[in-house]
Amino acid sequence: QVRLVESGGGLVQAGGSLRLSCAASGSIFSINAMGWYRQAPGKQRELVATITSGGSINYADSVKGRFTISQRKDTVYLQMNSLKPEDTAVYYCNAHGRYYDYWGQGTQVTVSS
């Protein structure tokens, strides 16, 4: 089993910055990629950014140039700059394995106008 714990969410003004962390533990050897997703009220969950074990990175168009995903050992980070009110959502950490997907419990990010 894989356990994911997110942290770093909070309230920030538009234009500000926030850094999210996702600590993974358990059967990490089975994980091929990790990433961040978000879900705003009344909307579907959407991909924000992913990073593979080989270092390949992908961003949603809406966050490209503002967000940066990185990884050190078993922790994945999401640096969020120039935050906008539309970034307000619950952010979820994801770990993609060969046969299973694992999810954290989510951390709330609120951006005020």
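- Between C22 and M34, the shortest heavy-atom distance links the atoms SG-CE, 4.0 Å.
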Taking distance alone, no hydrogens or angles, what donor-acceptor pairs closer than 3.5 Å link side-chain atoms of residues 105-113 to residues at least two apart or in another chain?
unit_1: T107; atom_1: OG1; unit_2: G9; atom_2: N; d: 3.2
unit_1: Q108; atom_1: NE2; unit_2: A89; atom_2: O; d: 3.4
unit_1: Q108; atom_1: NE2; unit_2: T110; atom_2: OG1; d: 3.3

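- The one candidate from W103, Y92, Y91 that meets the side-chain contact (heavy atoms from CB on, under 4.5 Å) condition with E6 is Y92.
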What donor-acceptor contacts under 3.5 angstrom involve side-chain atoms of residues 75-84, with partners at least two apart or in another chain?
unit_1: Q79; atom_1: NE2; unit_2: N81; atom_2: OD1; d: 3.0
unit_1: N81; atom_1: OD1; unit_2: S17; atom_2: OG; d: 2.9

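- Within the 4.5 Å cutoff, side-chain heavy atoms of E46 are placed close to those of R38.
- Using modelled atom types, no side-chain atom of Y99 and backbone atom of S30 make a donor-acceptor pair closer than 3.5 Å.
- The backbone N or O of K73 lies less than 3.5 Å from a partner atom in the side chain of Q71, making a donor-acceptor pair.
- Looking at every heavy atom in both residues, Y59 comes nearest to I69 through OH-N, 2.9 Å.
- Distance check, rounded to the nearest 0.5 Å: SG of C93 to CG of L20 gives 9.5 Å.
- Rounding to the nearest 0.5 Å places OH of Y100 at 8.0 Å from CD of Q1.
- With rounding to the nearest 0.5 Å, the separation of CG in L47 from CH2 in W36 is 12.5 Å.
- The line from OG of S70 to CD1 of I51 is 7.0 Å long, rounded to the nearest 0.5 Å.
- By the criterion of side-chain heavy atoms lying less than 4.5 angstrom apart, applied directly or through intervening Ile, Leu, Val, Met, Phe, Trp or Tyr residues, Y37 is not grouped with V2; the two fall into different hydrophobic clusters.
- The closest side-chain donor-acceptor pair between H96 and N32, if any, does not fall under 3.5 angstrom.
- One hydrophobic cluster, built from ILVMFWY side chains closer than 4.5 Å, cannot hold both V48 and V90; they sit in different ones.
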